[in-house]
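When a ligand or atom number is given, it counts from 1 through the structure's own listing order.
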Amino acid sequence: MRTASVAAPANIAFIKYWGAVDLERALPRNPSISMTLRACTTVCTVRALDDAADDVVEVADAGGRLGPASARFEGAIRAHLDRLRRWADSPGRFRVATRNSFPTAVGLASSAAGFSALTLAATQALGREPGLDEVAELARASGSGSAARSVTGGFVEWRLGENGESGELRVLADAAHWDLRNVIAIVDERPKDVSSREGHRRAPGSPHYRARMVELPARLEAVRRAIAERDLAALGEVIEEEAIELHLIAMSSRPPIFYWEPGTLAVLARVRALRAEGLMAYATMDAGANVHVICEAADEPAIAAALEELPAVERVIRDGVGAGPASAPPLF
Ligand code: DP6
């Protein structure tokens, strides 16, 4: 009986994956760049069961007690286990338990952390040690494309493969390169109404989609350069532009998708005011209402305090760049 337990981080996209060539296989239409986080993690424990007829899937509650997963969550886990079994050519069943350190499905890339952790733990429980590109491919195949970027640490680019069939993971810089922080202003803890998957599907229908594709090569290059040079002013300008454009596309998809809540605008206004006051703070949002404020370590306490004061902000999560997945104490 083999058990593996992995803590994998969420990530925040600087350049977003938005729009897929193949939704089933999460093949993106554009490259994306993200910063791996360190506080927002999923721990996943997988045990290979001898002679079991079926998989057992459990989820830890806020207090860490394990209980049955919802039918939807269990279905997604089993589907991914099936993929990994096919890949390993092994029919075995598993006991799986997961625990998140942060709220799920609110634009904090919980599925990226979750599917990265599941992929790493299950491949280890199967006795396999795939290389980084292969793990990224396997994580992506879960349908959560952003999971491909959560299998390693630092600043990560996910490039399009030569043949359009697969992607290529590139570590632009490791976590030690730049101690960036991410102050996450939670304005809405409810799960989002429209999944990223549906957002990817509708994206090309927006008249703004094509305009973004024209901008993207220069934007990608600007982000790569800003990371290499640790230039927050340059990075910040581009990531705000990119995040606003993602939401512009969502809002002008057919039918439109509105991820923003009034609190989102309140935080964006406060971030602009903080900049006017001389603090380097830059906002980005994934497919959700919550705002990720990117800043230098020295400014983090002042920025977190300013955001906590806003009535619209339920709470603030202080995160930063992380070194990637690591083994973790088992959940059972
Ligand atoms: C806006 O299809 O990876 O976060 O499975 O919900 O994490 P989830 O979504 P996925 O799309 C990610 C969309 C995004 C941008 C990004 O992370 O690149």
Side-chain angles (χ1 to χ4, degrees), residues 8-37 40-42 72-73 75-77 79-80 98 100 102-119 136-151 155-160 167 169-170 172 182 184 191-204 206 209 212 216 219-220 223 238-251 253 257-260 264 283-292 294:
N11 66 76
I12 178 64
F14 290 162
I15 299 292
K16 317 290 183 181
Y17 153 40
W18 201 242
V21 178
D22 181 335
L23 257 183
E24 286 309 316
R25 294 186 299 150
L27 289 175
R29 283 180 189 251
N30 67 275
S32 54
I33 297 179
S34 58
M35 170 172 123
T36 306
L37 301 182
C40 293
T41 59
T42 299
R72 190 153 172 250
F73 186 79
I77 299 282
H80 195 50
T98 74
N100 279 357
F102 59 95
T104 55
V106 292
L108 300 184
S110 58
S111 52
F115 281 112
S116 164
L118 175 63
T119 304
E137 279 299 305
L138 289 169
R140 171 192 62 76
S142 68
S144 170
S146 52
R149 299 188 313 249
S150 267
V151 301
F155 301 87
V156 179
E157 177 167 353
W158 183 27
R159 297 192 173 171
L160 304 184
L169 206 61
R170 180 75 65 94
L172 298 174
N182 178 15
I184 310 169
K192 59 193 176 213
D193 294 337
V194 182
S195 65
S196 300
R197 186 188 168 88
E198 183 58 20
H200 294 304
R201 200 182 64 75
R202 291 187 208 170
S206 160
Y209 183 77
R212 173 175 176 258
L216 264 182
R219 212 175 268 171
L220 283 155
V223 167
V238 183
I239 67 175
E240 276 201 8
E241 189 178 292
E242 165 71 356
I244 303 291
E245 204 161 32
L246 163 84
H247 286 270
L248 183 68
I249 290 169
M251 290 177 201
S253 293
I257 309 168
F258 293 92
Y259 289 117
W260 289 11
T264 313
T284 182
M285 292 83 64
D286 276 348
N290 301 311
V291 185
H292 299 247
I294 307 299

Among Ile12, Asp286, Leu23, whose heavy atom sits nearest atom 4 (O) of ligand 1?
Asp286
Backbone or side-chain N or O of Arg149 under 3.5 Å from ligand 1 N or O
yes
Are the side chain of Ser34 and the backbone of Ala13 linked by a donor-acceptor contact shorter than 3.5 Å?
no
So, 4.0 Å and heavy atoms of Ala26: is ligand 1 close enough to count as a contact?
no
Strictly below 4.0 Å, N to O, side chains only: are Lys16 and Glu245 in salt-bridge contact?
no
Considering only heavy atoms, which of Ser111, Gly114, Ala112 lies nearest to atom 5 (O) of ligand 1?
Ser111
Just which atoms of ligand 1 are under 4.0 Å from any heavy atom in Ser144?
3 (O), 5 (O), 7 (O), 8 (P)
Would you check whether Ala147 has a nitrogen or oxygen atom less than 3.5 angstrom from a nitrogen or oxygen atom of ligand 1?
no
Aromatic plane relationship, Trp158 with Tyr17 - under 30° parallel, 30 to 60° tilted, over 60° perpendicular:
perpendicular
Has the side chain of Arg170 got a donor or acceptor atom that lies under 3.5 Å from a matching backbone atom of Glu157?
no
Does an N or O from Trp18, backbone or side chain, lie closer than 3.5 Å to an N or O of ligand 1?
no
Could you see which bit of Ser146 sits under 4.0 Å from ligand 1, with heavy atoms only: side chain, backbone, both or neither?
both
Quick one: does any side-chain atom of Ser206 pair with a main-chain N or O of Ala203 as donor and acceptor, under 3.5 Å?
no
Main chain of Ala283, side chain of Glu240: is a donor-acceptor contact present, judged purely on distance under 3.5 Å?
yes
Can you find an N/O atom of Ser32 closer than 3.5 Å to an N/O atom of ligand 1?
no
How long is the gap from NE2 on His247 to OG1 on Thr264, to the nearest 0.5 Å?
8.0 Å
Between ligand 1 and Lys16, is the shortest N or O to N or O distance under 3.5 Å?
no
Side chain, backbone, both or neither: which part of His200 has a heavy atom under 4.0 Å from ligand 1?
side chain
Taking only residues two or more places apart in sequence or in another chain, which ones pass ring-ring contact (aromatic ring centres under 6.0 Å, His included) with Phe115?
His80
Under a 4.0 angstrom heavy-atom cut-off, which atoms of ligand 1 come close to Ala13?
16 (C), 17 (O), 18 (O)
